[in-house]
Each structure stands twice: as structure tokens, then as C-alpha cells.
**Q** 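One structure coming up, written as C-alpha cells, with questions to follow.
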Amino acid sequence: MTLEIDWSQIALRLALTAGCCALIGFNREEHRMVAGLRTTLLVGLAAAIAMIQVNLLLGLSGRAGNSFVMLDLMRLPLGILSGMGFIGAGAVLRRDNMVLGVTTAATLWFVTVMGLCFGGGQIWLGLCAAGLGYGILAGLKRIEQRCRAHHRALLILGGKGEHPGLNAAPRITEIIREAGYRINVSSVKLGEANNLVELKYELHWYGRLAEKSPPDFLARLTAEFQFAGLEWQVIV
């Protein structure tokens, strides 16, 4: 970090910050994330302006013989990072077993550090960070979708009368297992006078992370049995 900077240096640092934050912000907008273009720009520029302010105040740091001036200038960027923690925590949501917004919070923290690099004059470090950040957000997303992992889902089947009922349970289990799903927990619920039967299954399977659509075997179940209700809930 140079001791003295002029307005051309300030303009360069702000322009690079805006350009690189916009690059990452466009990626977030493309995926319809909460923290999009405007949020990443504001966060990155705020960090860059804080570091530029530190740079402008460097000439006042230290303690001269005829002055009582003593500044701990690094408190300013550290305060920016601490404040970023509150914004990032607000971006993370927990809904039942699902945790959402972790990548958004990490992105905001990342553009903050990137803005600090540009604001402090570490141009090449900031450019490398922008390239790495965009590559992670854009490139690894496709790799993640191809990765395979364990999934869980809840299948709830309801029917009135004797059909489908307890007698249909073995055939339903057979169809589920033929489709490659493993039944971890199953339960049966009977209504008043045994006129309502609800079959509930917790299913496990191994597949791609991008698989979110209902499985094909549900069509086989609805074609073979007359269910009053069918519900498919993916458990994250």
C-alpha cells in the first residue's frame, strides 16, 4: 500500500472493484439469489472505500513529537469485516431441515475481502480473487449438479375404503424397490371405523444432487391404485 495516492489511483481501484463485483453479481442474479448485482456492488465498494480511506489517513498515523495523533488504521477494515458477519448471518435461513443462503453469505464475505484488496492497492491480488471467485460460482455449480449423494424423501399415500389399503402395501413396496429406492421407515394410519388408510414411507436413494423432480414410479402407483391423495416431500 503506497503512502500517497491521487485521484487517478482512487478511480482505478473503485472501477476495478465495481467491475469485478459486477461480474460476481451477474452470476448471482442469473441464479436468482437474494444477494444479487446491487448487493455485491454495494458490499464490495464499501470495503474498497474503507481501505482507500485508510490509505488517505496513512499520513496521519504514528505519534509525532509535537502531536497527539495516534491512529490504529486497521480497525476500519476489521470493522467492515465484522459488520459483514451480521449481513451474512441475515442471509442464512433455516427452514425445517433445510439451511439456505450459506453460499450467498460466503459470496458477500468474499466480495468484501476482494474490495479490501482493491481499495488497499493490491490490484493483482484482487483480480486473481475475482477470477477464482467467478470460477468457483460459475464452474463448480455444474460439477455439483453432476455429483452423486444420498437423498431422502417422504411418500404419503392416502385412500378411502378398502382399496388401496393394507392389502396393497406389499405391491406398493415392490414397486418402490424395483425403482431403486430403499424404504427406511414405513407406517400405516387408520381413520375412524377403518375407512381411511394412510401409508407413509421414508425413502432413501443415491443419485445426482440436481435430481429434484418427482420419480417416475409415482406414475406407476397412481396408474395401478386409486389414491385419494399422494404427497412427495424431499428431505434435505
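Remember, predicted model here, so these are calculated numbers, not experimental data.
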**Q** Search all heavy atoms of A18 against all heavy atoms of L41 and return the closest pair with its distance.
**A** O-CD2, 3.2 Å

**Q** Working to the nearest 0.5 angstrom, can you tell me the gap between F26 CZ and Y134 OH?
**A** 10.5 Å

**Q** The test is side chain to side chain contact (heavy atoms under 4.5 Å, CB included); show your working for I176 and I183 and say whether it passes.
**A** CA-CA 8 Å; I176 293 174; I183 299 175; 4.0 Å; yes

**Q** Please enumerate all residues that pass side-chain contact (heavy atoms from CB on, under 4.5 Å) together with I136, with sequence neighbours excluded.
**A** L140

**Q** Dump the intermediate steps for side chain to side chain contact (heavy atoms under 4.5 Å, CB included) on R152 and E202, then the final yes or no.
**A** CA-CA 7 Å; R152 292 189 302 158; E202 182 180 324; 3.6 Å; yes

**Q** Check the hydrophobic clustering (I, L, V, M, F, W, Y; side-chain heavy atoms under 4.5 Å; chains of links allowed) and say if W205 and L230 are grouped together.
**A** yes

**Q** Determine the interplanar angle of the W232 and F217 rings, folded into 0 to 90°, and report it as parallel if under 30°, tilted if 30 to 60°, perpendicular if over 60°.
**A** perpendicular

**Q** Atom CG of L16 and atom CE of M114: how far apart are they, to the nearest 0.5 Å?
**A** 10.0 Å

**Q** Shortest non-hydrogen contact from A48 to T17?
**A** CB-OG1, 3.5 Å

**Q** To the nearest 0.5 Å, tell me how far Y201 OH sits from L157 CG.
**A** 6.5 Å

**Q** Count the heavy atoms of every other residue, nucleotide or ligand shown that sit under 6.0 Å from CZ of R38, and state whether that count exceeds 12.
**A** no

**Q** Are there more than 12 heavy atoms of other residues, nucleotides or ligands under 6.0 Å from atom CG of D216?
**A** no

**Q** For residues V111 and V43, report the shortest heavy-atom separation together with the two atoms involved.
**A** CG2-CG1, 3.8 Å

**Q** Is there a path of hydrophobic side-chain contacts, each under 4.5 Å between heavy atoms of I, L, V, M, F, W or Y residues, that connects L137 with F110?
**A** yes

**Q** Okay, side chain of Q233, backbone of L154: is any donor-acceptor separation there less than 3.5 Å?
**A** no

**Q** Please name all residues satisfying salt bridge (Lys or Arg N to Asp or Glu O under 4.0 Å) with E231, sequence neighbours left out, ordered by chain then number.
**A** none

**Q** Any side-chain donor paired with an acceptor under 3.5 Å for N55 and R13?
**A** yes

**Q** Show, in sequence, the C-alpha distance, side-chain angles and deciding distance for C20 and L127, and conclude whether the side chain to side chain contact (heavy atoms under 4.5 Å, CB included) test is met.
**A** CA-CA 8 Å; C20 292; L127 290 174; 4.0 Å; yes

**Q** Could you measure the distance from the CZ atom of F118 to the CE atom of M51? Nearest 0.5 Å is fine.
**A** 13.0 Å

**Q** Between atom CD1 of I52 and atom CG of L14, what is the distance when rounded to the nearest 0.5 Å?
**A** 4.0 Å

**Q** To the nearest 0.5 Å, tell me how far R28 CZ sits from T39 OG1.
**A** 11.5 Å

